[in-house]
Amino acid sequence: MLKKGFYLEEIDKKNKALLCIDYMLEAIFNKDYETAEIEAREFLAVITMLKEIEVKKKRRAELEKLITEMKERGIKIDFATRVHA
C-alpha cells in the first residue's frame, strides 16, 4: 500500500510542478512578474517535496531489504508482515 502511496504522491507533485511552470510562463508573457515569482517559489517547494519522497522511497527499500534478511535468518517481527506487504 505504501508503495502505491509514494507513487501516487510523486505523480501528484510532478503534475503540480508542471502546472507551476505553465503558470510561470503565462505570467511572464503577461508581464505579471509578481505571479511568476510566486509560482517559482511554489515550484521550488514542490521540488523539495519530490526530494523528500525519494528519501522516503530509499528508506523503505532499505527497510524491506532488512526485513527480507531477517526472514531468511528465521527472525520474526510482527510489524514486518504489515510493512513488507
Side-chain angles (χ1 to χ4, degrees):
M1 170 115 173
L2 287 175
K3 287 183 184 179
K4 288 180 185 177
F6 287 143
Y7 178 75
L8 294 176
E9 185 180 0
E10 185 176 15
I11 295 296
D12 180 54
K13 298 304 179 203
K14 287 180 179 179
N15 286 335
K16 176 71 174 166
L18 290 173
L19 279 174
C20 288
I21 292 169
D22 186 45
Y23 294 153
M24 276 190 292
L25 288 173
E26 183 179 338
I28 289 169
F29 286 121
N30 290 328
K31 297 183 180 181
D32 182 2
Y33 302 118
E34 186 176 328
T35 299
E37 186 176 6
I38 291 168
E39 289 301 326
R41 283 194 295 262
E42 181 67 22
F43 177 76
L44 292 174
V46 171
I47 295 300
T48 300
M49 290 179 218
L50 285 167
K51 288 164 54 175
E52 290 170 357
I53 290 170
E54 287 303 311
V55 169
K56 289 177 186 177
K57 286 172 28 180
K58 183 179 177 184
R59 285 187 200 147
R60 170 115 180 135
E62 291 170 355
L63 178 61
E64 287 179 350
K65 182 180 175 184
L66 177 64
I67 291 169
T68 301
E69 290 172 0
M70 292 175 82
K71 280 184 175 182
E72 289 171 357
R73 293 180 184 173
I75 301 170
K76 294 182 181 181
I77 303 174
D78 24 340
F79 80 88
T81 54
R82 289 178 290 183
V83 172
H84 199 58

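What you see below is based on every heavy atom in this structure, not just the backbone, and it leaves out hydrogens, waters and symmetry mates.
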Open item on the list: To the nearest 0.5 Å, what is the distance between CG on L66 and NZ on K71?
Closed with: 11.5 Å
Open item on the list: Salt bridge check, E9 against K13: does any charged N sit closer than 4.0 Å to a carboxylate O?
Closed with: no
Open item on the list: Return the OG1 to CE distance between T68 and M70, rounded to the nearest 0.5 Å.
Closed with: 11.0 Å
Open item on the list: Using side-chain heavy atoms (C-beta onward) and a distance below 4.5 Å, is R59 in contact with L63?
Closed with: no
TODO: Report yes if some heavy atom in the side chain of E10 is under 4.5 Å from a heavy atom in the side chain of K57; otherwise report no.
DONE: yes
Open item on the list: Between E64 and R60, does any NZ, NE, NH1 or NH2 come within less than 4.0 Å of an OD or OE carboxylate oxygen?
Closed with: yes
- [ ] To the nearest 0.5 Å, tell me how far I53 CD1 sits from T48 OG1.
- [x] 11.0 Å
Open item on the list: Please give me the minimum heavy-atom distance between A27 and A36, naming the atom from each residue.
Closed with: CB-N, 3.6 Å
Open item on the list: If I take atom NZ from residue K16 and atom CD1 from residue I21, how far apart are they, to the nearest 0.5 angstrom?
Closed with: 12.0 Å
Open item on the list: I need the single residue from K56, E54, E62 that forms a side-chain contact (heavy atoms from CB on, under 4.5 Å) with K58. Which is it?
Closed with: E62
Task: Note, F43 side chain near R41 side chain (heavy atom, < 4.5 Å) - done: no
Open item on the list: With a 4.5 Å cut-off on side-chain heavy-atom distances among I, L, V, M, F, W and Y, is there a chain of contacts connecting V46 to Y7?
Closed with: no
Task: Closest approach of A40 to M24 (non-hydrogen atoms, all atoms of both residues) - done: CA-SD, 3.4 Å
TODO: Give, for atom CD of E42 and atom OG1 of T35, the distance between the pair rounded to the nearest 0.5 Å.
DONE: 13.0 Å
